[in-house]
J.: 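Starting off with a structure, shown below.
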Amino acid sequence: MQQEKVRITTEFIRLDALLKFAGLCDTGGFAKALVQQGQVKVNGEVCTMRGKKLRPGDVVEVDQFRVEVC
């Protein structure tokens, strides 16, 4: 599994924005589709809310990629 840490300077980042920012999706539409299809896990649980607010310490998993918000 490929791991990456993404540092944010704000209180939170939305799930769809994180997927784009981390390079896991090229477009917002693709990010939306991944989330709605249940292919994204947040902290080990499937998440279908693309606007979910992620804060430092949260972990997002898509396929073989793992991204931790710092």
Side-chain angles (χ1 to χ4, degrees):
M1 182 171 282
Q2 190 172 358
Q3 297 187 32
E4 181 179 342
K5 291 188 178 188
V6 172
R7 186 172 307 277
I8 61 171
T9 57
T10 57
E11 181 184 346
F12 64 87
I13 185 170
R14 288 177 25 152
L15 178 57
D16 57 350
L18 176 75
L19 293 174
K20 285 176 41 183
F21 185 70
L24 300 177
C25 295
D26 294 334
T27 65
F30 186 54
K32 178 181 176 180
L34 275 179
V35 174
Q36 288 180 337
Q37 293 171 7
Q39 297 182 26
V40 179
K41 289 184 180 180
V42 175
N43 298 326
E45 296 183 15
V46 174
C47 180
T48 56
M49 299 182 303
R50 68 182 180 140
K52 178 162 181 63
K53 294 178 182 177
L54 302 172
R55 293 178 167 76
D58 287 333
V59 176
V60 175
E61 296 177 37
V62 180
D63 293 327
Q64 296 298 315
F65 298 95
R66 182 177 190 270
V67 178
E68 181 180 347
V69 181
C70 302

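Just so it is clear, the model here is predicted, and its values are computed rather than measured. Side-chain atoms are counted along with the backbone in the values below, which use heavy atoms only and exclude waters and symmetry mates. Just so you know, residue 1 is the first one in the sequence shown, and it goes up from there.
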J.: Begin from the C-alpha positions of Ile8 and Val69 and carry the test side-chain contact (heavy atoms from CB on, under 4.5 Å) through to its verdict.
T.: CA-CA 7 Å; Ile8 61 171; Val69 181; 3.7 Å; yes

J.: On a heavy-atom basis, which atom in Asn43 and which in Gly57 lie closest, and how many Å separate them?
T.: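 So the minimum-distance heavy-atom pair works out to OD1-O, 4.2 Å.
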
J.: For the atom pair NZ (Lys20) and SG (Cys25), what is the distance rounded to the nearest 0.5 Å?
T.: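 Nearest 0.5 Å value for the NZ-SG distance: 9.5 Å.
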
J.: Taking C-beta and beyond as the side chain, do Arg66 and Gln3 meet within less than 4.5 Å on heavy atoms?
T.: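 Yes, their side chains come closer than 4.5 Å.
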
J.: Determine the minimum heavy-atom distance between Lys52 and Cys47, stating which atoms define it.
T.: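 Looking at all heavy atoms of both residues, the shortest contact is CD-SG, 3.5 Å.
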
J.: Shortest non-hydrogen contact from Glu68 to Val59?
T.: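 Shortest heavy-atom separation between Glu68 and Val59 comes out as CG-CG2, 4.2 Å.
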
J.: Using the rule that Ile, Leu, Val, Met, Phe, Trp and Tyr join whenever any side-chain heavy atoms are under 4.5 Å apart, tell me whether Phe30 and Leu19 fall into a single cluster.
T.: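 Phe30 and Leu19: one cluster.
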
J.: So do Leu54 and Val42 actually touch side chain to side chain, heavy atoms under 4.5 Å?
T.: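 Heavy-atom side-chain distance check passes, below 4.5 Å.
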
J.: Output the distance between atom CD (Gln37) and atom OG1 (Thr48), rounded to the nearest 0.5 Å.
T.: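 These two atoms lie 12.0 Å from each other.
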
J.: Could you give the distance from CG (Leu24) to CD (Gln39), rounded to the nearest 0.5 Å?
T.: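 Leu24 atom CG to Gln39 atom CD measures 12.0 Å (nearest 0.5 Å).
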
J.: What heavy-atom pair brings Arg55 and Phe12 nearest, and what distance separates the two atoms?
T.: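 Shortest heavy-atom contact: CG-CB, 3.9 Å.
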
J.: Which pair of non-hydrogen atoms, one from Phe65 and one from Gln2, has the smallest distance, and what is that distance?
T.: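 Phe65 and Gln2 have their closest heavy atoms at CE2-OE1, 2.8 Å.
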
J.: Are the side chains of Val46 and Lys41 in touch, meaning some heavy atoms are under 4.5 Å apart?
T.: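 Yes, their side chains come closer than 4.5 Å.
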
